[in-house]
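Have a look at the structure below before the remarks.
In what follows, every heavy atom counts, from backbone to side chain, and hydrogens, waters and symmetry copies are set aside. These numbers were taken from a predicted model, which means no experiment stands behind them. Throughout, protein chains are lettered first and strands after them, A, B, ... in sequence-line order, and every chain is numbered starting at 1.
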Amino acid sequence: MAVDPKNPYGAPLTSGEKSSQLGSLSQSARTGQLKQARVILIVVGVLTIAFNLFFLLGAEAQVNRALDGEVRKLQGQGMMIDQQKLQEIRENAVRLTQIVSGATVLLGFVFVVLGIVVYSIPVPATVLGLVLYVGAVAIFGVLEPTTLAHGWLFKILIIVGLFKSVQAALAYQREKQAAEAAAFGTTI
Amino acid sequence: MNEEPVDYRSADEPAEPPLHFLTTCWRCRKAVAADTPTCPYCAARLAAPDMLHRASRLPAAERSPLLPVLVGFAILLGVNLLHALIIRVQATMAPAQAQPGSQELLVHAVIGELISTVVILIAVLRVRLPATPVAGSARILAWPLSLMGLAGGLALNLAYHRFLKDHLGMIMLENLLNDGQTTLGWWVFIICVQPAIVEELFFRHLVLGSLRTTLGGHGAVWLSSVMFALAHIGTPISLPVLMVLGVVLGYARWGSGGLALPMVLHFLHNLFVLLLEWR
């Protein structure tokens with residue numbers, strides 16, 4: 001059994017010591033929630049980078065596949081296709097897919113960086129992480145509405161986890177400021 | 001050398017809890033630590049320690065305004081998402097010859113903006129922000145500097161959208177507005193007046209004000225401009241320039257100490273873009 005170095009003989013604690021232990025318990029609970037925020041942000045970031053790198057590298061093949069299917073369908077209806085116009089549309093679509101995937105890879109890196117710095121700047125990191133995640137879900141929902149339904153339970157869990165992290169970060173910052181103010185007061 | 005502070009109180013006297021943890025015992029009405037399971041004076045059973053993390057246990061004055069503001073932002077985003085989806089689904093389902101005209105767009109815009117206005121007004125009425133003093137010299141300089149920032153932002157906006165049109169073949173929504181079904185006056189109200197008042201109330205008053213209490217001035221301006229850009233999900237391709245505009249408006253709010261300057265700048269920006277597209 002682990003022995004508490006401050007109280008090796010297990011003497012009964014005074015109420016002040018109990019209060020201070022509970023205070024540190026609350027601090028460790030908040031640190032745990034910040035750790036959870038770090039894990040969420042880094043996992044979301046890594047997954048975002050991985051998926052979008054895949055899309056970025058295969059943008060041309062995907063656009064060609066989608067456009068060829070559309071062209072076959074139109075030709076089946078007896079429509080004539082202007083090849084020059086089609087080539088222009090193809091090039092624009094590839095460029096747009098690359099821009100969107102590239103921007104999303106960058107967003108993934110932002111999530112990873114926020115996860116790394118969450119202990120040093122807890123409130124900005126968690127608030128920005130939550131805002132960017134919710135915003136990204138909404139933007140991809142506008143661009144492709146079916147993405148809203150994909151993994152909806154995970155999305156809700158991530159949003160709830162990040163919201164709780166913001167709450168923990170705010171409490172952590174408030175307590176830290178109060179502790180610093182108290183320490184400043186005692187030295188003067 | 002660090003010396004341990006000496007506690008001169010008697011062993012029986014309960015230790016003074018730190019100020020930020022104080023609550024009142026329901027039985028003896030004495031100040032006790034909020035995370036203590038039993039009152040040290042009268043041994044009354046207090047709340048369980050795991051309830052400690054709930055922000056609702058803090059007095060109203062100590063609660064951060066950031067959380068309700070984030071909830072308001074999520075609701076606003078949800079309304080805008082729904083609005084964008086309805087327009088998209090309508091455009092997809094209608095045959096090519098019967099695409100929605102400016103009248104349908106106007107009806108959607110009025111409904112969407114009405115809901116956003118209600119959400120934002122509720123948030124403005126519910127959230128109380130601490131007052132932030134502004135230096136007099138900054139207030140005078142803010143107007144000319146902000147106008148220069150607006151000119152730069154507009155130039156960037158035009159160059160960015162020109163690039164999108166020329167190199168990616170994108171058609172902008174505003175091209176559809178001037179089809180003779182609606183008048184310019186309606187669009188001035190919907191695109192220029194309403195956002196200049198309501199969006200500024202939310203992003204530059206509530207969001208910026210609540211973020212400033214925890215992030216400081218610069219952090220609050222940048223984060224609020226990210227939120228401002230993300231709220232415009234109906235035009236996702238314009239997010240980068242909207243963020244730049246948000247930064248200009250944020251600093252205008254910070255520098256001037258009031259909402260009049262960002263409201264005027266927002267109105268002028270949107271009016272300029274609308275008139276340019278209306279030609």
**Item:** CG on B:Asn80 to CD1 on A:Ile139, rounded to 0.5 Å
**Value:** 11.5 Å
**Item:** Taking every non-hydrogen atom, the tightest pair across A:Gln167 and B:Leu67
**Value:** CG-CD1, 3.5 Å
**Request:** Counting only heavy atoms closer than 4.5 Å, note whether B:Leu230 contacts chain A via side chain, backbone, both or neither.
**Result:** side chain
**Message:** Is the shortest side-chain heavy-atom distance between B:Leu223 and A:Pro124 below 4.5 Å?
**Reply:** no
**Prompt:** For A:Ile121 and B:Leu215, what are the C-alpha separation, side-chain angles and deciding distance, and is it a side-chain contact (heavy atoms from CB on, under 4.5 Å)?
**Reply:** CA-CA 9 Å; A:Ile121 43 166; B:Leu215 303 188; over 6 Å; no
**Message:** Looking at every non-hydrogen atom in both residues, tell me the closest pair between B:Leu81 and A:Ala138 and how far apart they are.
**Reply:** CD1-O, 3.4 Å
**Request:** Answer yes or no: are there more than 12 heavy-atom neighbours, outside A:Lys155 itself, under 6.0 Å from its atom NZ?
**Result:** yes
**Asked** Tell me, side chain or backbone of A:Leu148 under 4.5 Å from chain B's heavy atoms, or both, or neither?
**Response** side chain
**Asked** CH2 of B:Trp222 to CG of A:Leu128: how many Å apart, nearest 0.5 Å?
**Response** 12.5 Å
**Message:** Please classify the contact between A:Leu130 and chain B as side chain, backbone, both or neither, with a heavy-atom cut-off of under 4.5 Å.
**Reply:** side chain
**Asked** Got a sec: does the CD of A:Gln75 have more than 12 other heavy atoms crowding it under 6.0 Å?
**Response** yes
**Request:** Under the side-chain contact (heavy atoms from CB on, under 4.5 Å) rule, what do B:Leu70 and A:Val131 come out as? Steps first, then yes or no, please.
**Result:** CA-CA 8 Å; B:Leu70 284 176; A:Val131 165; 4.0 Å; yes
**Prompt:** Would you say the side chain of A:Val123 lies within less than 4.5 Å of the side chain of B:Leu66, judging by non-hydrogen atoms?
**Reply:** yes
**Asked** What heavy-atom pair brings A:Val142 and B:Leu85 nearest, and what distance separates the two atoms?
**Response** CA-CD2, 4.4 Å
